[in-house]
Structures are given as C-alpha cells and as structure tokens.
Amino acid sequence: MFLATSFKRGIANGFCERVWRAHGGTHGAVIWVVHVNPNGRKDKMLQCKHANLIKRSQFVGEEEYLFVPYSVFTVIMVHVSPNPTYQTPHVIHVKAALDNLLESETLQLAPWC
C-alpha cells in the first residue's frame, strides 16, 4: 500500500481526527512528519527516488507525495503526548531515505507493521 502524505497540516489533522474517531478514541492519535532533503528542490540527484509528487488529486488544491510500499524512513524525533487525542497527538518526525535501492534488505520492519 502506498503511503500518502500532504503538504498541508490541516489535511493531515483531518485524517488524524477521522481515524481517531473511527476507533472510538481508543487508539492514541499520531501525526507523522516526513522530512526529505530540501536541496532536492534544485538538485534532482538529491530528490527522494521512491516518492512521487502528485499535483492532481480528486480534491482541488491538494498536492501530496506518495511513497512506495516498504519505503525506508529513519526516526529522528518523537514527541510523546500525555493525552494523544486528535487535538494533541503524538508527533513522530522521520527522514525519508534518498533511495530504497541503496538501503539494506534486512532492515527491521516497524513493530506495528
């Protein structure tokens, strides 16, 4: 399954709220912040190779990156919320690998996968 992301925090917050409510508020809410190399804007060699920028969406004005299944990310920072609702979620910052093909095939999967 592809991982869809949004450049707009409000869209991410909306998804977070929908999932949290769908589970009756029994699961802690999480916002994931994906970091890519900002120099990739000017240098194609530094652009993430396993993500596609989708400029046309079924929703007007929405742009998103789609990461391929099993994309490699490294956790760089975690903010644990004492009360992880959709209004005060956990926030996990991850760095997207430059190219999945350059990463080891024996990396561990996240425990929730």
Side-chain angles (χ1 to χ4, degrees):
M1 176 181 268
F2 284 86
L3 171 65
T5 64
S6 176
F7 290 96
K8 297 178 181 175
R9 181 66 183 252
I11 290 173
N13 288 344
F15 279 111
C16 183
E17 180 180 357
R18 275 190 287 187
V19 171
W20 186 80
R21 288 186 186 281
H23 290 280
T26 60
H27 291 76
V30 178
I31 290 286
W32 295 85
V33 180
V34 179
H35 298 265
V36 295
N37 189 331
N39 296 320
R41 288 183 176 157
K42 296 179 182 174
D43 185 347
K44 284 194 176 262
M45 295 298 292
L46 299 176
Q47 291 178 354
C48 185
K49 308 297 185 254
H50 51 274
N52 293 301
L53 176 61
I54 307 300
K55 291 187 176 186
R56 294 182 184 163
S57 171
Q58 62 183 351
F59 303 104
V60 177
E62 183 177 342
E63 291 184 346
E64 62 185 354
Y65 271 113
L66 289 180
F67 287 88
V68 300
Y70 298 101
S71 287
V72 175
F73 299 96
T74 302
V75 176
I76 55 176
M77 184 172 52
V78 176
H79 169 74
V80 177
S81 173
N83 182 29
T85 69
Y86 71 92
Q87 294 176 321
T88 56
H90 299 303
V91 180
I92 302 174
H93 291 257
V94 295
K95 180 181 176 187
L98 177 63
D99 187 343
N100 282 339
L101 295 177
L102 301 177
E103 302 297 328
S104 170
E105 290 189 15
T106 61
L107 292 173
Q108 292 183 332
L109 292 177
W112 52 83
C113 292

Report task. Heavy atoms only: give me the nearest Cys16-Ala29 pair and the separation to one decimal. Result -> SG-CB, 3.5 Å
Query - Qualifying residues under side chain to side chain contact (heavy atoms under 4.5 Å, CB included), relative to Arg18, sequence neighbours excluded - result: Phe15
Query raised in the report: What residues, two or more places apart in sequence or in another chain, satisfy side chain to side chain contact (heavy atoms under 4.5 Å, CB included) together with Asn37?
Result: Asn39, Leu46
Report task. Could I get the full list of ring pair (Phe, Tyr, Trp, His ring centres under 6.0 Å) partners for Phe2, not counting sequence neighbours? Result -> none
Query raised in the report: Honestly curious: do Leu107 and Val94 fall in one hydrophobic cluster under the side-chain, below-4.5 Å linking rule?
Result: no
Query raised in the report: Can you name the nearest heavy-atom pair linking Ala97 to His50, along with the distance?
Result: O-CE1, 2.9 Å
Query raised in the report: Which residues pass the side-chain hydrogen bond (donor to acceptor under 3.5 Å, both in side chains) test with Thr26, sequence neighbours left out?
Result: none
Query - Pair Phe67-Phe73, side-chain contact (heavy atoms from CB on, under 4.5 Å): steps then yes or no - result: CA-CA 10 Å; Phe67 287 88; Phe73 299 96; 3.8 Å; yes
Query - For the student: nearest non-hydrogen atoms of Val34 and Ala96, plus distance - result: CG1-CB, 4.1 Å
Report task. Examine Leu98 and Val68 and state if one hydrophobic cluster contains both, with Ile, Leu, Val, Met, Phe, Trp and Tyr joined whenever side-chain heavy atoms are less than 4.5 Å apart. Result -> no
Query - same_hphob_cluster(Phe7, Trp32) at 4.5 Å side-chain heavy-atom cutoff - result: yes
Query - Qualifying residues under side-chain hydrogen bond (donor to acceptor under 3.5 Å, both in side chains), relative to Asp99, sequence neighbours excluded - result: none
Requested in this report: Return yes if some donor-acceptor pair links the side-chain N/O of Asn100 with the main-chain N/O of Val72 below 3.5 Å, else return no.
Outcome: yes
Report task. Sort and list the pairs that fulfil salt bridge (Lys or Arg N to Asp or Glu O under 4.0 Å) and have at least one residue in residues 72-88, not counting sequence neighbours. Result -> none
Query raised in the report: Other than Ile31, what residues sit in its cluster of Ile, Leu, Val, Met, Phe, Trp and Tyr side chains whose heavy atoms are under 4.5 Å apart, directly or through others?
Result: Val33, Val91
Requested in this report: Write out all pairs satisfying side chain to side chain donor-acceptor pair (under 3.5 Å) with one or both partners inside residues 79-90, taking only residues at least two apart or from two chains.
Outcome: Arg21-Tyr86, Thr85-Thr88
Query raised in the report: Considering residues at least two apart in sequence or located in another chain, which fulfil the side chain to side chain contact (heavy atoms under 4.5 Å, CB included) criterion with Ser6?
Result: Lys8, Ile11
**Report entry** Inter- and intrachain pairs under salt bridge (Lys or Arg N to Asp or Glu O under 4.0 Å), touching residues 30-52, at least two apart
**Finding:** none
Query - side-chain hydrogen bond (donor to acceptor under 3.5 Å, both in side chains) against His27, all qualifying residues, sequence neighbours excluded - result: none
Report task. Go through the structure and list residues passing side chain to side chain contact (heavy atoms under 4.5 Å, CB included) with Tyr70, not counting sequence neighbours. Result -> Leu109
Query - Within one Ile-Leu-Val-Met-Phe-Trp-Tyr cluster: Trp20 and Ile92, side-chain cutoff 4.5 Å - result: no
